[in-house]
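Worksheet: one structure, shown below.
A note on names: the letters A, B, ... follow the listed sequences, proteins ahead of strands, and every chain is numbered from 1.
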Amino acid sequence: MKSALENVKSQIIMAVSRAAEKAKTDGKLNYEFLPDFVLEAPREKEHGDFATNIAMLLARQAGMPPRKVAEILDSYIINEGAWVARKEIAGPGFINFYLDNGWVYEVLPQIEVQGDKYGNSETGLGKKVQVEFVSANPTGLLHMGNARGAALGDTMANLLRSAGFAVTREFYINDTGNQIDNFGKSLEVRYLQQYGQDIPFPEDGYHGQDIIDTIKGLIERDGDKYLTMEPGLRKKNFIEYALEEKLQAIKNTLQDFGVEYDVWFNERSLHETGALEAVLDELRGRGYIYEHEGALWFKTTEFGDEKDEVVVRSNGTPTYFAADIAYHKNKFDRGFEWVVNIWGADHHGHIKRLKGAVKALGYDPDNLNIVIMQLVRLFKGGEIIRMSKRSGEFVTLEDLISEVGRDAARYFFVMRSADSHLDFDMDLAKSKSTDNPVYYIQYAHARICSILRQLNEKGGAIPPAGECALTLLAEPAELELIRKLVDFPVEVSEAAVNLEPHRLARYAHELAGLFHVFYNSHRVITDDVELQNARLVLVKCTQTVVRRALHLLGLTAPDSM
RNA sequence: GCGCCUAUAGCUCAGUGGAUAGAGCAACGGACUUCUAAUCCGUGUGUCGGAGGUUCGAGUCCUCCUAGGCGCGCCA
């Protein structure tokens, strides 16, 4: 279904295009091709409901000043059947369109019919897109960076789905390689230490208390039977046990955070199925692999990287990069037309080489988007909380959820663009005060629910929009609120396509604000039945959109607060 | 040294080449016998880090400079 906004915009765009063509055939305006002009809502309300820049874009080709072009176009624009009340040439050559209020009311019955589907669009045309995010090492707990990635990735996936993409959420489990080896050593030492053996803990091991807890759990289950086991096999047992436990903990935490994955992908499977070897063979066949000092190198410099990259070490083991290449080939081979990865800023150096690998394998690197998110600084009591993974001292996502709650945490991670460094103020996120934008939005929803509850108690009901005199909603506060509801589908699809969930956070906040303004100046339940009915429709529609926005952000929409 | 990101109001940040650059917070002053005051209304704020350039038009694009963050491993 076309939205009210698309309807009215396409009508005006058509009228403008036709005017330009007619002016050309009449010899009044000379140009070779029609430029890609825009029709958008101007920032300033005085500049009308929509404005187009077409005259400025045509000025050069036409060989006359923009305002002159605008005048000619203006005289040719016929707005039959449209809502255009008047138009005006302004500024450097904008044509401003002032519309009758009528067109915005169309959105209310649309929202009523579509309900929670309002905001969805066909923008994505069912394109298969994969969003891979968090993909934390399964050797420990989730930290703030993982948390931000979780909130961003999950919200992006929500947005993409709503915008008509076929979305798969995926978590890549790094369950092999050096770090797992190291993990195993740490577990082994902790195990032996539990039995009184005085063994120094490896310098670069996993120092966290959680490793000790894990080992205690294993001892509870299996006791001392590993003391006599062959060390290699023993370590394997430790790793199996701990990986499963850690992964389960990660899954549980993410679930508590409102994140559900479609696929949990094991790195190990790439090794076991031979996919990794196969992809290296393919790259070798294409001439991108060479040997140097006993190791195999990939010519990433051919793709703009600063230096070539090792894919197989001289000891014969493949690097993480090699597995990542195989993984991304696997992604494209599974039929994903668009692959989105969310990485921490500390991994930005890998973008060129991974994109290069994708290109070397014959895929279009433009179909791989890597969203880099800047790091999170945690503030508490006005001070930065220093975290060190080495020492095992850091605030985990679990801690965060239990301290500030899931809703606040998710909102705070998503309200800034991924590009911006995030200062996470725990006191603010926790505060149940006016400062906290999460409550501001949720409160709008709760207020609406309260109105509807009271209506219900009085035995009233919300009439169908089609039976209401919607034009009674003529107050500025009402019109602005409705106008904002009209924007929702565009906001969703723009945020989705650009992978910018912070836009939705902002939209939700603005929408809530417009509702609060309306609420404070106008009563919904009144003696004027006609007006009450129209306002009930408006309020109900606002509730739908606020709830939708909150849900897309992964937040709850409380009925009362 | 090289690469990526960032620099916008006192603070935290929006701002897809368009008109007079916005919001929240903080500050001050108002509004609850009325559907929840977790709300609303009013009052101020800018050499958009600096210098050039492209353009009818630059916070936005290009170049250089400055400052901060991150990276530059046969780690992941």
Item to check | Sugar-phosphate, base or nothing in reach of A:H502, heavy atoms under 4.0 Å | outcome: sugar-phosphate
Item to check | For the student: nearest non-hydrogen atoms of A:K430 and A:Y439, plus distance | outcome: O-OH, 4.4 Å
Next on the checklist: Is there a side-chain contact between A:N178 and the phosphate of B:C75, meaning an N or O under 4.0 Å from OP1 or OP2?
Outcome noted: yes
Next on the checklist: At less than 4.0 Å, is any side-chain N or O atom of A:Y440 found next to OP1 or OP2 of B:C40? Yes or no.
Outcome noted: yes
Next on the checklist: Between B:G49 and B:A7, how far apart are the two P atoms, rounded to whole Å?
Outcome noted: 7 Å
Next on the checklist: Looking at A:K331 and A:E170, is there a salt bridge between them, counting it only when a charged N and a carboxylate O are closer than 4.0 Å?
Outcome noted: no
Item to check | Donor-acceptor pair, side chain of A:D487 and main chain of A:K484, under 3.5 angstrom | outcome: no
Item to check | Geometric cation-pi criterion A:R148 and A:F413, 6.0 Å radius, 45° cone | outcome: no
Next on the checklist: Under a plain distance cut-off of 3.5 Å, with no hydrogens placed, do A:N315 and A:T317 share a side-chain donor-acceptor pair?
Outcome noted: yes
Item to check | Between C1' of B:A26 and CG of A:D427, the distance in whole Å | outcome: 16 Å
Item to check | Electrostatic pair A:D210-A:K246, nearest N-O below 4.0 angstrom | outcome: yes
Checklist entry - Using a distance-only test with no angle check, is there a side-chain donor-acceptor pair under 3.5 angstrom linking A:E494 and A:Y507? => result no
Item to check | Residue pair A:L142 / A:A136: nearest heavy atoms and the distance that separates them | outcome: CD2-CB, 3.5 Å
Checklist entry - Among A:K359, A:K352, A:R353, which residue meets the salt bridge (Lys or Arg N to Asp or Glu O under 4.0 Å) test with A:D305? => result A:R353
Checklist entry - B:G22 P sits how many Å from A:K45 NZ, rounded? => result 12 Å
Item to check | C1' spacing across the pair B:C64 / B:U54, given as an integer number of angstrom | outcome: 15 Å
Next on the checklist: Need one value for A:F321: base, sugar-phosphate or nothing, where a base atom within 4.0 Å counts as base even if backbone is also close, heavy atoms only.
Outcome noted: nothing
Checklist entry - Rounding to a whole Å, what distance do you find between A:N146:CG and B:A76:P? => result 18 Å
Next on the checklist: Could you spell out the base pairing of RNA chain B as a dot-bracket line? Use Watson-Crick and G-U wobble contacts where both distances are under 3.5 Å, [ ] for crossing pairs, | for partners on a different strand.
Outcome noted: (((((((..((((....[...)))).(((((.......))))).....(((((..]....))))))))))))....
Checklist entry - Which listed nucleotide (B:A76, B:A38, B:C74) is nearest to the side chain of A:V310? => result B:C74
Checklist entry - Taking atom C1' in both B:G46 and B:G10, what distance in whole Å separates the two? => result 12 Å
Item to check | A:D346 vs A:Y320, nearer the 5' end of RNA chain B by closest nucleotide | outcome: A:D346
Item to check | Sugar-phosphate only, base, or nothing, as touched by A:A59 at under 4.0 Å among non-hydrogen atoms | outcome: nothing
Checklist entry - Within a radius of less than 6.0 Å around NZ of A:K9, do more than 12 heavy atoms belonging to other residues, nucleotides or ligands occur? => result yes
Under 3.5 Å between N/O atoms: give me all the protein pairs with nucleotides 17-21 of chain B, atom names plus distance.
from, atom 1, to, atom 2, distance (Å)
B:G18, N7, A:N53, ND2, 3.4
B:A19, OP1, A:R43, NH2, 3.4
B:A19, OP2, A:R43, NH2, 2.4
B:A19, N6, A:N96, OD1, 2.8
B:A19, N1, A:N96, OD1, 3.2
B:A19, N1, A:N96, ND2, 3.0

Next on the checklist: Can you confirm whether the side chains of A:Y288 and A:E302 place a donor and an acceptor under 3.5 Å from each other?
Outcome noted: no
Checklist entry - So what does A:H445 hit on the nucleic acid, given a heavy-atom distance under 4.0 Å: a base, only sugar-phosphate, or nothing? => result nothing
Next on the checklist: Restricting to non-hydrogen atoms, name the atom on A:L552 and the atom on A:S162 that form the minimum distance, rounded to 0.1 Å.
Outcome noted: CD2-CB, 4.1 Å
Item to check | 5'-most by nearest nucleotide on RNA chain B - A:V312 or A:H522 | outcome: A:H522
Checklist entry - A:Q442 near the nucleic acid: base, sugar-phosphate alone, or nothing, with a heavy-atom cut-off under 4.0 Å? => result nothing
Checklist entry - With a 4.0 Å cut-off, would you call A:R535 and A:E478 a salt bridge? => result yes
Checklist outcome for this item: Rounded to whole Å, CZ of A:F515 lies from P of B:A37 at a distance of 11 Å
Next on the checklist: Please encode protein proximity along nucleotides 4-13 of chain B as a string of B, S and -, counting only heavy-atom distances under 4.0 Å.
Outcome noted: BSS-----BS
Item to check | d(CD, A:E494; C1', B:G15) in whole Å | outcome: 14 Å
Item to check | Nearest-nucleotide pick for A:K307, side chain only, options being B:C72, B:U39, B:C74 | outcome: B:C72
Checklist entry - Starting at CG of A:L375 and ending at P of B:G71, how long is that distance when rounded to a whole Å? => result 8 Å
Checklist entry - Would you say B:U16 has OP1 or OP2 under 4.0 Å from some side-chain N or O of A:R503? => result no
Checklist entry - Over how many whole Å does the gap from A:I180 atom CD1 to B:C75 atom C1' extend? => result 13 Å
Item to check | Euclidean distance for P, B:C65 against B:C75 (whole angstrom) | outcome: 35 Å
Item to check | B:A38 phosphate, OP1 or OP2, under 4.0 Å from A:R447 side-chain N/O | outcome: no
Next on the checklist: Between B:G1 and B:C13, how many Å separate the two C1' atoms, rounded to a whole number?
Outcome noted: 33 Å
Checklist entry - Side-chain donor-acceptor pair under 3.5 Å between A:H292 and A:D308, yes or no? => result no
Next on the checklist: Does B:C72 count as syn, meaning its glycosidic angle lies within 90° of 0, or as anti?
Outcome noted: anti
Item to check | Atom C1', compared across B:C61 and B:C48: separation rounded to whole Å | outcome: 16 Å
Item to check | B:G50 to B:C11 separation - P atoms, rounded to the nearest Å | outcome: 15 Å
Item to check | Sugar-phosphate only, base, or nothing, as touched by A:V517 at under 4.0 Å among non-hydrogen atoms | outcome: sugar-phosphate
Checklist entry - Is the count of non-hydrogen atoms from other residues, nucleotides or ligands lying under 6.0 Å from A:R60 atom CZ greater than 12? => result no
Checklist entry - If you measure from the C1' atom in B:G73 to the same atom in B:U60, how many Å do you get, rounded? => result 38 Å
Next on the checklist: Any N or O donor-acceptor pair under 3.5 Å from the base of B:A76 to the side chain of A:H350?
Outcome noted: yes
Item to check | Separation of atom CG in A:L504 from atom C1' in B:U16, rounded to whole Å | outcome: 17 Å
Checklist entry - Using a cut-off of 4.0 Å on non-hydrogen atoms, how would the nucleic acid contact of A:E510 be classed: base, sugar-phosphate, or nothing? => result nothing
